Amino acid sequence: MLNLVQHVEVPIPTPKNDEVLIKLEATSLNPFDLNIQKGKPRPFLPKKFPFIPASDVAGEVVDLGPGVKNFKAGDKVVALLSVANGGGLAEYAVAKESMTVARPPEVSAAEGAGLPIAGLTAHMALTQSAGIKLDRSGERANILVTAASGGVGQYAVQLAKLANANITATCGARNIELVKRLGADEVLDYKTPDGAALKSPSGKKYDAVIHCATGIPWSTFEPNLSANGKVVDLTPGPRAMLTCAIKKLTLSKKQLLPLLLVPNSESKSILSYLVNLVKEGKLTTVIDSKHPLSKAEDAWAKSISGHATGKIIVEP
């Protein structure tokens, strides 16, 4: 895919009702940003050109729209911008107050900017889709995380460890030690035969799979699942949707559950929870690389490569 990122001058946006204007200090990229460039959401997105991509940001509030109650100029924040409108690869952006949370001094802008989409997705996959209790009140589960060194995978491993789960993870050989440090009990090189087969080295059957990779068929997952095992697919294609429907129609105990993040009324409190975990040292944002906004095309190229370890950060 061609790198078509271009630098243009646009006016500083004006915050509307219940919006804050943020002077950006860090922005992180996500696969969805690339999907917009590929044209996958057309004709719905982008709504207008020039389209400024990226929606995960951290910075300082500099202006308030009417109705904003909980922030003031000078507050440090983390925000999830409207995915439809983007705006993150810029010096300033507007965010809804309902998707903006305070960022304590212990959390850097880069650490905070990595959290919104990737952190919320990992949290939703584990708690809502897989039914894992992060407070350790549930039964101890066996969990597989694929692509565990990626943006979502890194958070999924760490959150699963908070839940006291037994964690098996897949990643490339160069990231095995990193993923172990994040909390995985067993790590498979996905290029080896056992890694490709997703087989637990200790013979565990997985109660839940947080599937952050692509190209793995249901037939590979099924023999590795426990009796009621679930595969939470974060990159579902047509085949995954069909498998999901078949499993439901046949009342199969083993399920494939597609997951696409749609921010809702709970997203702000969960994002605040994740930021607090970073503050307390219980959650880490693994940063692949940092790029100045003037070299945003380099960050974009790194994201296109698909081999980032953790999050790619752009700093104005």
Side-chain angles (χ1 to χ4, degrees), residues 78 80 101 107 111-112 114-171 179-187 198 200 202-213 221-222 224-236 244 247-248 252-286:
V78 174
L80 173 58
V101 302
V107 180
E111 290 173 319
L115 285 170
I117 286 182
L120 288 171
T121 299
H123 187 280
M124 182 179 293
L126 284 163
T127 61
Q128 297 182 27
S129 298
I132 302 299
K133 306 289 187 184
L134 299 190
D135 63 2
R136 303 192 173 195
S137 62
E139 293 184 8
R140 193 175 193 193
N142 295 326
I143 294 176
L144 170 65
V145 180
T146 63
S149 60
V152 177
Q154 56 149 334
Y155 291 130
V157 169
Q158 294 177 79
L159 292 173
K161 181 53 64 174
L162 285 179
N164 198 33
N166 294 307
I167 305 165
T168 304
T170 69
C171 63
V179 173
K180 286 181 179 178
R181 290 196 299 272
L182 294 177
D185 301 290
E186 305 173 336
V187 185
L198 305 178
S200 162
S202 59
K204 293 183 178 70
K205 297 295 184 181
Y206 308 122
D207 301 304
V209 178
I210 309 304
H211 182 34
C212 309
F221 290 115
E222 189 162 28
N224 294 297
L225 296 176
S226 64
N228 295 294
K230 301 175 181 177
V231 177
V232 185
D233 192 343
L234 308 186
T235 58
C244 171
K247 292 299 169 185
K248 287 185 176 180
S252 171
K253 291 184 177 180
K254 298 181 180 182
Q255 294 285 325
L256 188 147
L257 306 174
L259 174 63
L260 296 173
L261 177 68
V262 178
N264 56 36
S265 58
E266 297 180 355
S267 297
K268 177 168 181 162
S269 62
I270 295 171
L271 182 56
S272 182
Y273 166 74
L274 296 174
V275 170
N276 194 55
L277 287 179
V278 176
K279 173 188 173 183
E280 295 174 352
K282 296 177 181 178
L283 187 67
T284 299
T285 296
V286 176

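These numbers come from a predicted model, not from an experiment.
The distance from the CG atom of N164 to the NZ atom of K133 is 15.5 Å, given to the nearest 0.5 Å. Of the inter-residue distances, the one linking M124 atom CE with I270 atom CD1 reads 6.0 Å to the nearest 0.5 angstrom. Here the straight-line distance linking atom OG of S267 with atom CG of L120 works out to 5.5 Å at 0.5 Å rounding. The structure places CG of N276 at 12.5 Å from OG of S269, a figure rounded to the nearest 0.5 Å. Going from atom CG of L256 over to atom SG of C244 covers 6.0 Å, rounded to the nearest 0.5 Å.
Ring to ring, F221 and H211 are close: their centroids are under 6.0 angstrom apart.
Looking at K161 and I167, their side chains come closer than 4.5 Å, going by heavy atoms from C-beta outward. A 4.5 Å side-chain heavy-atom check between S200 and N142 finds every atom pair outside the cut-off. Within the 4.5 Å cutoff, side-chain heavy atoms of I117 are placed close to those of L261. Counting heavy atoms from C-beta outward, L134 and L159 have side chains that approach closer than 4.5 Å. Looking only at side-chain heavy atoms (C-beta outward), K254 and N228 stay at 4.5 Å or farther from each other. Residues L162 and L277 have side chains in contact (heavy-atom distance under 4.5 Å, counting atoms from C-beta outward). Proximity of V275 to L115: side-chain heavy atoms (C-beta onward) are separated by under 4.5 Å at one or more points. A 4.5 Å side-chain heavy-atom check between V231 and Q255 finds every atom pair outside the cut-off.
Under a 4.0 Å N-O distance rule, the pair K247/E222 qualifies as a salt bridge. Ion pairing between a basic and an acidic side chain is recognised when a charged N comes within 4.0 Å of a carboxylate O; E186 and K204 show such pairing.
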Original post:
Should L234 and I210 be marked as a side chain to side chain contact (heavy atoms under 4.5 Å, CB included) after you check the CA-CA gap, both sets of side-chain angles, and the distance that decides it?
Top reply: CA-CA 8 Å; L234 308 186; I210 309 304; 4.1 Å; yes
**OP:** Step by step, work out the side chain to side chain contact (heavy atoms under 4.5 Å, CB included) result for V232 and L126.
**Re:** CA-CA 8 Å; V232 185; L126 284 163; over 6 Å; no
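Of all heavy-atom pairs spanning V78 and P116, the tightest one is CG1-CG, 3.9 Å. Listed here is the closest heavy atom pair of A165 and I143: CB-CD1, 3.7 Å. S149 and C171 get closest at one heavy-atom pair: OG-CB, 3.8 Å. Considering every non-hydrogen atom in both V187 and K180, the closest pair reads CG2-CG, 3.5 Å. Contact detail for I132 and A163: the closest heavy-atom pair is CG2-CB, 3.5 Å. Contact detail for C212 and T235: the closest heavy-atom pair is O-CG2, 4.2 Å.
Using modelled atom types and a 3.5 Å distance limit, the side chains of D185 and N166 yield no donor-acceptor pair. For the residue pair Y155 / T285, a side-chain donor-acceptor distance below 3.5 Å is found, with atom types taken as modelled.
Side chain of T170 to main chain of A147: a donor-acceptor pair is present (N/O by atom type, distance under 3.5 Å, no hydrogens or angles).
Within a 6.0 Å sphere centred on CD of Q128, other residues, nucleotides and ligands contribute more than 12 heavy atoms. Within 6.0 Å of the NZ atom in K248, the count of heavy atoms belonging to other residues, nucleotides or ligands does not exceed 12.
Exactly one residue among T168, V209, N224 makes a side-chain contact (heavy atoms from CB on, under 4.5 Å) with L198. That residue is N224.
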